[in-house]
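For clarity, every value in this text was computed on a predicted model and none was experimentally measured. Basis for what follows: all heavy atoms, side chains included, without hydrogens, waters or symmetry-related copies.
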Amino acid sequence: MSAPPRARPALGVSLLRLFTVQGSWNYERMQGVGMGVAEEALLRDLKGGEDDSAYRAALARGAYFFNAHPYLCGLAVGAAARAEHDGVPPDQIERLRTALCGPLGSLGDRLVWAGWLPLMSAVALIGVALGLGLSATLGFLVVYNVGHVALRWWALRAGWTHGARVAVALRQPFVQGAAARSGPAMALVVGAALPLVAHHLSGGFVGWSRVLLTVVGAGGLALLWWLRGRLTGLRFGLALLAVAALAGWLWP
Amino acid sequence: MSLELQLLLLGWGTLVGLDLVSVPQMMIARPLVAGSIAGAMLGDVWTGLELGVLFELFQYDVLPQGASRYPEYGPATVGAVAAAHAAQGTLGLGLGAVVGLITGMAGGMSMHVVRGLTTRAVRRASAALDAGDPRVLVRLHAAAILRDAVRAALVTALGLALAQLARAYLPGAITVRSVVLLNVAAVGAALAAGTAGTLRLVGRGAPLRWFAVGVLGGAVVAWLR
């Protein structure tokens, strides 16, 4: 398979557009419209003078329903665009896109939402708790986004390189290894962050208020665990603040 | 707080709200970032960091997957910092939490409304999309992003308005004990939500053991400090 001549600049444009892939998220096509916008940059070579029917048909397929992890959408964009260039039959391209939704969603959730993001956020929380201040926040932004942009670029490149056989990219040992290690690493670091943050936030409490904080924190955790799926942190927080305001009013 | 500063916070909150889902998901929407930068804008980094840490814990309770509904804590943290800044010191956390949690809930609802509007726009344009019309595709996408920007601005404006109200009426109206109780409620709820959310994420087996090791290590460091 040889890459079309405009591939490199078009990949750059597609990558930039992928940063907006969820901008038009909706309940009908989910990320489909954003996917179509990102893929469009890679499909322009299909325009054949007056007859742009191949380009339009490919673009229409690119904007169909799609839902996966936003950082890994580039893999499907690149693979589908490459398959269009390689003359893969349309129904096969549609099946490829459909087949990629689940694995890309699952891999992205494990790798990013339940791995890299809480891991880096916990490192930043530890930094703040240990007195690093604003530099902990800025460090989080820089380091997190090095990984974020690298993942988006890898996904798009892998999709474009492998086309319809993109499953090869998902089976690479470093991808599987990262997915397997991200969970335990996140658990370790977030676990370390929680007592440090608790210590940091409770620094201003003394006497009865510290005892009350311990009771409220432990009781709240038990309640949220017991009623998981029904009681959210937001609702619990609002309810607790309302109780606190009422108690303060009754006990001035 | 001057009008210029309010507009600056409104602009920051709008960017933060856009970042959560639409553009570019670089995590300025994380409360720790949103709060500390808002604090820096107000010349009060400490308050920004404290509220940022508090709402970062609430954020751990949220897994932003697909069509699920969840609160939006980024612009909420900007409003919370604005509320806590004027109160300064003791009153800050509780007051900020009240403003932030209400704004976060409104933010979550507003995302659902905007997604509904975008769904309708996509349905209307489905014939052109199925025909592969690039102009309609790009216009639809850009309009949806603009819609989300307006939404984020409105949510931030709500947070800043609530902050203004809280600053104007609450400090003189509540006792010191009430302030402490609000602070305890805010910190206790955040710690409980953060821990429960993390435990759900961690699950069972080896990750849970790693989590226990982390908690032990963190507790030892906290005790030594």
Return the set of residues passing ring pair (Phe, Tyr, Trp, His ring centres under 6.0 Å) with A/Trp208 (not counting sequence neighbours), or none when no residue passes.
A/Trp251
Looking only at non-hydrogen atoms, find the nearest pair between A/Gly133 and B/Leu49 and report the distance.
CA-CD1, 3.6 Å
Pairwise side-chain contact, B/Arg115 with A/Glu28, heavy-atom cut-off 4.5 Å (strictly under):
no
Kindly indicate whether the side chain of A/Phe140, heavy atoms from C-beta on, has any atom under 4.5 Å from the side chain of B/Val33.
yes
Quick check against the 3.5 Å criterion: does A/His200 have a side-chain atom that pairs as donor or acceptor with the backbone of B/Val53?
no
Please look at B/Asp130 and chain A and tell me whether the side chain, the backbone, both or neither of the residue comes under 4.5 angstrom of a heavy atom of that chain.
both
CZ-CG distance between B/Arg209 and A/Leu188, expressed to the nearest 0.5 angstrom
13.5 Å
Name the member of A/Ala60, A/Gly105, A/Ala245, A/Ala187 that forms the most heavy-atom pairs with chain B at distances under 4.5 Å.
A/Ala187
Does any backbone or side-chain atom of B/Gln25 lie under 4.5 Å from a heavy atom of chain A? Answer side chain, backbone, both or neither.
both
Side chain of B/Ser178, backbone of A/Gly248: donor and acceptor closer than 3.5 Å?
yes
With distance as the sole criterion, is a donor-acceptor pair present between the side chains of B/Thr118 and A/Tyr27 under 3.5 Å?
no
Taking C-beta and beyond as the side chain, do A/Pro118 and B/Thr198 meet within less than 4.5 Å on heavy atoms?
no
Side chain, backbone, both or neither: which part of B/Thr195 has a heavy atom under 4.5 Å from chain A?
both
Using every non-hydrogen atom in the two residues, find where A/Pro195 and B/Ala222 come nearest and quote the distance to one decimal.
O-CB, 4.1 Å
Do A/Phe205 and B/Val184 have side chains that approach each other closer than 4.5 Å (heavy atoms only, starting at C-beta)?
yes
What's the shortest heavy-atom distance between A/Gly237 and B/Leu101, and which atoms?
C-CD1, 3.7 Å
B/Leu18 versus chain A, heavy atoms under 4.5 Å apart: side chain, backbone, both or neither?
neither
Examine the side chains of B/Ser22 and A/Gln22 and answer whether a donor and an acceptor come within less than 3.5 Å of each other.
no
Given a strict heavy-atom distance threshold of 4.5 Å, which part of B/Leu129 is in contact with chain A: side chain, backbone, both, or neither?
both
With rounding to the nearest 0.5 Å, note down the distance linking OG in A/Ser24 to CZ in B/Arg147.
9.5 Å
Where A/Leu241 and B/Ala185 come nearest, the two heavy atoms and their spacing
CD2-CB, 4.0 Å
Atom CE in A/Met35, atom CG in B/Leu137: separation rounded to 0.5 Å?
12.0 Å
When A/Leu130, A/Val21, A/Thr214 are compared by non-hydrogen pairs under 4.5 Å with chain B, the top option
A/Leu130
Do any pairs count as a side-chain hydrogen bond (donor to acceptor under 3.5 Å, both in side chains) and have a residue in residues 127-145 of chain A, sequence neighbours left out, and if so which ones?
A/Tyr71-A/Tyr144, A/Thr137-B/Ser36, A/Asn145-A/His148
CG (B/Leu140) and CG (A/Asn26) are apart, to the nearest 0.5 Å, by 8.0 Å
Cut-off 4.5 Å, heavy atoms of chain A, and the answer for B/Ile102 is both
Under 4.5 Å to a heavy atom of chain A? For B/Pro71 that would be side chain
So what's closer than 4.5 Å to chain A heavy atoms on B/Leu57: side chain, backbone, both or neither?
side chain
Rounded to the nearest 0.5 Å, how far does CZ of A/Arg228 lie from CZ of B/Arg200?
8.5 Å
In residues 72-81 of chain B, which residues are in contact with chain A at a heavy-atom separation under 4.5 Å?
B/Tyr73
If you tally heavy-atom pairs under 4.5 Å between each of A/Gly62, A/Ala222, A/Ala63, A/Ser209 and chain B, the highest tally belongs to A/Ser209
Would you say the side chain of A/Val190 lies within less than 4.5 Å of the side chain of B/Tyr60, judging by non-hydrogen atoms?
yes
Under 4.5 Å to a heavy atom of chain A? For B/Val21 that would be both
Answer yes or no: is there a side-chain heavy-atom contact under 4.5 Å between B/Val62 and A/Trp113?
no
Using the side chain to side chain contact (heavy atoms under 4.5 Å, CB included) criterion, which residues pair with A/Ala38? Sequence neighbours excluded.
A/Ser14, A/Arg17, A/Leu18, A/Val77
Side-chain contact, heavy-atom cut-off 4.5 Å: A/Leu238 with B/Val98?
no
I'd like to verify something: which residue of A/Pro184, A/Ala239, A/Gly220, A/Gly108 has the highest number of heavy-atom pairs under 4.5 Å with chain B?
A/Pro184
Nearest heavy atoms of A/Gly23 and B/Ile145, plus distance in Å:
CA-CG1, 3.7 Å
Is the shortest heavy-atom distance from the side chain of A/Glu40 to the side chain of B/Val138 under 4.5 Å?
no
Just verifying a value: how many Å separate A/Leu141 CG and B/Ile28 CD1, rounded to the nearest 0.5 Å?
8.0 Å
With a 4.5 angstrom heavy-atom cut-off, could you sort out which part of B/Ala219 is near chain A: side chain, backbone, both or neither?
both
